[in-house]
Amino acid sequence: MAMASTTRRWKKLAVELFRAPSPKSRVPTLLFLLALTACNTSTPQRAQLLRADVFPNNDGLQLELTQELRLTERMKQALAHGIPLRLRYRISACGAQIEHALWLRYAPLDARYELQREGDAEVRGFARLAGLVAALDRVRLPLDLPPQARCGGYVRLDLDQAALPTPLRLPALMKPEDWRLQSPVRVWAPP
């Protein structure tokens, strides 16, 4: 219910913005709209990091995330039409800022959905979208830290809207409920 009232207020402000008599008087309203859009960024009903565990492997430390993601209908349609989606993981551990990304794609020639970690040659394929989403329930990300590092940290997940094709960026800004996927911060304790 709160989401609907926020959307109504946002639309009312957008109408006021375009009714402003001069471009100079539109600037404060536009800045306020952008700030309002940035304020309500968490979508816990669609993106939850349920658990974060750190464990050593051959190359250092690895972060294992148990998560629950629900793509919106608009995101599913975009994937089905060949538009890739980039999930971005922002990690802070031992004073280091680490970013990893996963690409979700649909390959129409192969008639399969694909999951690929950015910078990795391995591509996992799935016959159905449900299989791709199920594979996102547990994700492992390298931390690029030495195995002896003993520190806590936090991680946040979001859909990288800047990675959307240019024609979709404005609709993503104007209808954030269709394109926003961001988890609350998940903290883990030192191992």
Side-chain angles (χ1 to χ4, degrees), residues 3-4 6-7 10-11 14 34 37-38 40-55 57 59 62-92 97-144 154-186:
M3 180 72 150
T6 303
T7 304
W10 190 88
K11 287 180 180 179
L34 290 173
T37 302
N40 187 18
T41 58
S42 178
T43 52
Q45 71 278 11
R46 289 196 308 246
Q48 282 288 333
L49 298 176
L50 304 173
R51 186 176 172 151
D53 295 310
V54 175
F55 59 91
N57 67 4
D59 302 326
Q62 192 167 46
L63 175 65
E64 182 176 274
L65 296 171
T66 304
Q67 57 190 12
E68 182 180 312
L69 303 179
R70 291 189 203 112
L71 303 179
T72 65
E73 285 304 313
R74 189 69 66 187
M75 291 176 201
K76 292 175 186 177
Q77 289 171 358
L79 270 175
H81 287 94
I83 297 169
L85 301 179
R86 183 176 187 257
L87 298 179
R88 178 174 48 191
Y89 294 85
R90 296 179 186 184
I91 303 165
S92 179
Q97 302 299 316
I98 305 163
E99 185 173 304
H100 287 289
L102 297 177
W103 283 96
L104 313 179
R105 294 185 186 91
Y106 179 69
L109 294 177
D110 296 333
R112 71 180 194 154
Y113 289 90
E114 297 178 342
L115 173 62
Q116 181 180 23
R117 191 170 66 210
E118 193 169 76
D120 194 355
E122 180 186 355
V123 178
R124 293 176 60 193
F126 305 90
R128 300 179 194 268
L129 179 60
L132 171 66
V133 174
L136 292 169
D137 286 350
R138 183 161 289 153
V139 173
R140 290 184 177 176
L141 303 169
L143 287 179
D144 303 323
Y154 64 88
V155 60
R156 172 175 246 163
L157 155 75
D158 68 342
L159 174 70
D160 186 1
Q161 293 182 356
L164 291 172
T166 304
L168 287 179
R169 289 185 196 159
L170 184 60
L173 179 65
M174 298 305 285
K175 292 199 79 181
E177 65 275 8
D178 287 343
W179 292 100
R180 187 171 294 134
L181 183 71
Q182 186 171 26
S183 72
V185 170
R186 181 57 147 170

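What you see below is based on every heavy atom in this structure, not just the backbone, and it leaves out hydrogens, waters and symmetry mates. Fair warning: this is a prediction, and the values are worked out from it, not measured in the lab.
- Taking the side chain as every heavy atom from C-beta outward, Leu85 and Trp179 approach each other to under 4.5 Å.
- Taking CZ of Arg70 as the start and NZ of Lys76 as the end, the distance is 10.0 Å to the nearest 0.5 Å.
- The minimum heavy-atom distance linking Ala127 with Tyr113 is given by the pair O-CD1, 4.3 Å.
- At a threshold of 4.5 Å between non-hydrogen side-chain atoms, the residues Asp178 and Pro171 do not count as touching.
- Interatomic distance, CG of Leu129 versus CE of Met75, reported as 12.0 Å (0.5 Å rounding).
- Using a 4.5 Å cut-off on side-chain heavy atoms (C-beta onward), Arg156 and Ser92 make no contact.
- Between Arg86 and Glu99 there is a salt bridge, with a side-chain nitrogen of the basic residue lying less than 4.0 Å from a carboxylate oxygen of the acidic one.
- With contacts defined as side-chain heavy-atom distances shorter than 4.5 Å, the pair Leu136/Leu104 qualifies.
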TODO: Kindly determine whether Leu173 and Gln161 satisfy side-chain contact (heavy atoms from CB on, under 4.5 Å), including the steps that lead there.
DONE: CA-CA 9 Å; Leu173 179 65; Gln161 293 182 356; 5.8 Å; no
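- Looking at heavy atoms from C-beta onward, Tyr89 lies out of side-chain contact with Leu63 at the 4.5 angstrom threshold.
- Distance CG/Leu170 to CG/Leu164: 12.0 Å, rounded to 0.5 Å.
- The CZ atom of Phe126 sits 9.0 Å away from atom CZ of Arg112, with the distance rounded to the nearest 0.5 Å.
- Scanning both residues, Tyr106 and Ala80, for their nearest heavy atoms gives CD2-O, 3.8 Å.
- Residue Glu122 holds its CD atom at 9.0 Å from CD of Gln116, rounded to the nearest 0.5 Å.
- Contact annotation: the side chain of Leu141 never approaches that of Ile98 to less than 4.5 Å [non-hydrogen atoms, C-beta and beyond].
- Of all the heavy atoms in Pro84 and Arg105, the pair that sits closest is CB-CG, 3.7 Å.
- Of the residues Thr72, Leu71, Leu159, the one that meets the side-chain contact (heavy atoms from CB on, under 4.5 Å) test with Arg46 is Thr72.
- Going from atom CD1 of Ile83 over to atom CZ of Arg74 covers 10.5 Å, rounded to the nearest 0.5 Å.
- Under the 4.0 Å criterion applied to side-chain N and carboxylate O atoms, Arg138 and Glu64 are assigned as salt-bridge partners.
- Between Arg88 and Glu118 there is no salt bridge, since no side-chain nitrogen of the basic residue lies less than 4.0 Å from a carboxylate oxygen of the acidic one.
- Within 6.0 Å of CZ on Phe55 lie more than 12 heavy atoms contributed by other residues, nucleotides or ligands.
- Ion pairing of Arg51 with Asp53 is present here, as a side-chain N (NZ or NE/NH1/NH2) and a carboxylate O approach within less than 4.0 Å.
- No side-chain heavy atom of Val123 sits less than 4.5 Å from a side-chain heavy atom of Leu115.
- When all heavy atoms of Pro184 and Ala47 are compared, the closest pair comes out as CD-O, 3.5 Å.
- Nearest heavy atom pair, residue Ala162 against residue Arg169, reads O-NH2, 2.8 Å.
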Open item on the list: Could you walk me through whether Glu73 and Lys175 satisfy the salt bridge (Lys or Arg N to Asp or Glu O under 4.0 Å) test, starting with their C-alpha distance in whole Å, then the side-chain angles of each, then the deciding distance to 0.1 Å, before giving a yes or no?
Closed with: CA-CA 13 Å; Glu73 285 304 313; Lys175 292 199 79 181; over 6 Å; no
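- Looking only at side-chain heavy atoms (C-beta outward), Arg186 and Leu157 stay at 4.5 Å or farther from each other.
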